[in-house]
Number of protein chains: 2
Amino acid sequence: MNASSSVLELAADRRYPAVWLRDNCSCADCVDPGSGQKLYGITDLPPDIRICRVEQTDDAVTVEFAPGGHRSRFTRDWLAAHRLDGPVPADDRTEDAKQLWQAADLAGSMPTTAWPAFQDDPEQLAAGLEALRHLGFVLVRGVPTTDRAVLSVAESFGHVRRTNYGELFEVRVEDQPTNLAFSSLPITPHTDNPYRDPVPTIQLLHCLENAAEGGDSGLVDGFAAAARLRTEDSSAFETLTHTPVTFRYADAATDLTATRPLIGVDPIGRIREIRFNNRSMQPIVLPAERINDFYAAYRRFAGLLYSTEAQLSFRLEPGDCLVFDNTRVLHARTGFRANGRRHLQGCYADLDGAYSKLKALRRRTRETNGAVQ
Amino acid sequence: MNASSSVLELAADRRYPAVWLRDNCSCADCVDPGSGQKLYGITDLPPDIRICRVEQTDDAVTVEFAPGGHRSRFTRDWLAAHRLDGPVPADDRTEDAKQLWQAADLAGSMPTTAWPAFQDDPEQLAAGLEALRHLGFVLVRGVPTTDRAVLSVAESFGHVRRTNYGELFEVRVEDQPTNLAFSSLPITPHTDNPYRDPVPTIQLLHCLENAAEGGDSGLVDGFAAAARLRTEDSSAFETLTHTPVTFRYADAATDLTATRPLIGVDPIGRIREIRFNNRSMQPIVLPAERINDFYAAYRRFAGLLYSTEAQLSFRLEPGDCLVFDNTRVLHARTGFRANGRRHLQGCYADLDGAYSKLKALRRRTRETNGAVQ
């Protein structure tokens, strides 16, 4: 193929447009070898770029572009790994990369790991983070029941997100609770801090003491409920993905609001983020004739989230630290008798750091294995 | 109106559906007086709820619901403030609440404040945060040129977001830069850390030393450029809002990726978040026949962002600390001679905390004014 062309066609389903190839050149003039960062902007490339020459070997394809004459070499492995006509690659923050679950799928087989190993053994840490990515949570057992130990768990895979509540927050009964979490009342499944944007994407809850009668914990896969809603009632799903809802939290020094849909999807419709918290939801503003549709959809989604089939129930024991994806997994607790002592410490962190750690650990494992072979 | 009804109609354009009213009851049985949080979930309300009785006074409307007989009182002020048939309320994270600008609009009148006042005077702090909200940035002058002072600026209105770079990062020339920011090369307008999700929504850059030849700063209003793209080429705007793009940053211990569109919109189409960084953008994956459309749209958007009219240029002097909305405002710098010393310290924070502080300050001002009157 030597005639000027706008596309490199290696097979009918292996086509690479000229501008795409040129923009992905990895030569040292185009990409800084030290940082791996591109050294040019899109407007530095000629707008009418074409392929004027192609050289093929067993390993690679070298392309010469016109105007300008820049030459770029692409290995066949790289081209195969970057097919354009295949399926959309999974985005591990969306439903794509998840195993959706109902309570029965995990009853008796909750993803669990032990603290010293989670901290010290890269394989155990990777397995725990993989459960967080795949199932939306992991239970770390045997964390010392000491003040602020929850921060060490967060720092083992990421960075604590400080908020107006401080680095950590205490969950125990207060005389004048500013949040129902600090009372002994039952709390239905919800995501935390929907009034924050960016919302904390990971929550940790570390049990220091749980001698109260009641106060059991529940987890619900919000992605599974949203996917089910889409199947059973697609117009309800559309309503919830397209209606902005405002959440608010205010106290003497704070006035946090965020306006986001209950079900967030990415630009190609994949479920990406659940916000669900009746306690802090503000009045919906929609034309009156659309209010009933919104409420019907909201009620239906709530019914799926609150159902017995959805909710995985268990009891946190002292030393247990639950780590969960706050954009996907809702948490709940039953009410308890306030005369029994119950004390958790919680903090927030973010998924991007946890996934980065997971990928870096896997890369290291691959490199180590490679060196051994 | 005593017949059972599904809607309270105070006027033709003042209608309030029964379920909406019931869900917004603020009595002490429905909302915890201490925390202001709702005490029930949507599934606790009867699905077929209707209004069976209405009592009106000059100040308020009291509604009785059936089934169940719950009574809720709404002041007329509250009802007027929560009209359903008016315009969609502004969301201050979207273009709604912003003054979009080109360089000429702000040349010679950059929003500027002075450090001791920003820290000590609530009115100055509120004015600075209002500029951040409205224009997307504020320049704080006179910050001591001491190590870590940038963290004090962030803490004056919010919380530092720690990342793999630590609490703060140094911007100066390094021998082996892992990022072009740490070289003397010019850097075109970009948002920071697009490979992070949640992306840091505020960036701070504090100039400690700027004796280099070159190294001037630039800011671009990404919302203005996106709005202009929508006007001039709506299909390019559609392409960029609907194409997920992956960004990546990797070093020995880190492997961060995020997949988001270059222009993020909310569920009703309002511009909400710009991600633009040629350096860390990964190969686009789209069917080959759509690649050229993507690149044409990307090039057009880049052309608007890189244009002289868009870019507000200025020079950071020692003691200047730029605080900007990293979801809206792109920043750039010209290249400089590496023999001149140039040293900035930067850190990240988040808009939700800054807006919370702004709202709490305004509330306090209103209360103080109220007490005086």
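Below, read A as the first sequence line, B as the second, and so on, with proteins coming before strands; counting in each chain starts at 1. Quick note: numbers below take in every heavy atom, side chains included, and nothing from hydrogens, waters or symmetry partners. Computed from a prediction, not measured in an experiment: that's the story for all the values here.
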Contact origin within B/N24 toward chain A - heavy atom pairs under 4.5 Å: side chain

Residue part contacting chain A, namely of B/T43, when any heavy atom lies under 4.5 Å: both

Where B/L84 and A/I284 come nearest, the two heavy atoms and their spacing: CD2-O, 3.4 Å

Distance in Å, A/L45 CG paired with B/R299 CZ, rounded so as to fall on 0.5 Å steps: 6.0 Å

Pairs of heavy atoms under 4.5 Å with chain A: top-ranked of B/A18, B/S356, B/P267: B/S356

Over all atoms of both residues, closest heavy-atom pair of A/R272 and B/T259: NH2-O, 3.4 Å

Under 4.5 Å from any heavy atom of chain A - which part of B/Y306: side chain

Proximity breakdown for B/D32 and chain A, heavy-atom pairs closer than 4.5 Å: side chain

Note, B/W78 side chain near A/P283 side chain (heavy atom, < 4.5 Å): yes

Which atom of A/P198 lies closest to which atom of B/D352, heavy atoms considered: O-OD2, 3.5 Å

Heavy-atom proximity to chain B below 4.5 Å, by part of A/D13: neither

Part of B/R270 within contact of chain A (heavy atom distance under 4.5 Å): side chain

Minimal non-hydrogen separation, B/H242 against A/I268, with atom names: O-CG2, 3.8 Å

Inter-residue atom distance B/T188.OG1 - A/D44.CG, 0.5 Å rounding: 7.5 Å

For A/R161 against B/R161, the heavy-atom pair lying closest together: CD-CD, 3.9 Å

Part of B/A258 lying under 4.5 Å from any heavy atom of chain A: neither

Most chain A-contacting option - heavy-atom pairs closer than 4.5 Å, from B/A253, B/P287, B/S6: B/P287

Sub-4.5 Å side-chain heavy-atom contact between B/V88 and A/V285: no

Which of A/S280, A/G303, A/G353, A/P89 touches chain B most, by non-hydrogen pairs under 4.5 Å: A/P89

Test salt bridge (Lys or Arg N to Asp or Glu O under 4.0 Å) applied to B/D255 and A/K357, A/K359, A/R364, A/R363, the passing residue: A/R363

For B/D85 against A/A288, the heavy-atom pair lying closest together: OD1-N, 3.4 Å

Heavy-atom contact with chain A under 4.5 Å, split by part of B/R93: side chain

Any donor-acceptor N/O pair, B/N278 side chain to A/Y40 backbone, under 3.5 Å: yes

Separation between CZ of B/F301 and CD1 of A/I42, rounded to the nearest 0.5 Å: 13.5 Å

Which of A/Q282, A/R300, A/E289, A/M281 touches chain B most, by non-hydrogen pairs under 4.5 Å: A/E289

Residue part contacting chain A, namely of B/P47, when any heavy atom lies under 4.5 Å: both

Contact class of B/T241 relative to chain A, heavy atoms under 4.5 angstrom: backbone

Contact class of B/P17 relative to chain A, heavy atoms under 4.5 angstrom: side chain

Test item: B/R279 side-chain N/O and A/S35 main-chain N/O as donor-acceptor pair under 3.5 Å: no

Chi angles and distances behind the side chain to side chain contact (heavy atoms under 4.5 Å, CB included) call for A/D197, B/L351: CA-CA 8 Å; A/D197 184 11; B/L351 287 170; over 6 Å; no

Between A/Y195, A/Y298, A/Y249, A/F294, the one whose heavy-atom pairs under 4.5 Å with chain B are most numerous: A/Y298

Region of B/N277 that comes under 4.5 Å of a non-hydrogen atom in chain A: neither

Interface moiety of B/R83 toward chain A, non-hydrogen atoms closer than 4.5 Å: backbone

B/A296, part contacting chain A, at a heavy-atom distance under 4.5 Å: neither

Euclidean distance, A/D350 CG relative to B/T163 OG1, rounded to 0.5 Å: 11.0 Å

Heavy-atom proximity to chain B below 4.5 Å, by part of A/N164: both

Ionic contact status for A/E155 with B/R162, cut-off 4.0 Å: yes

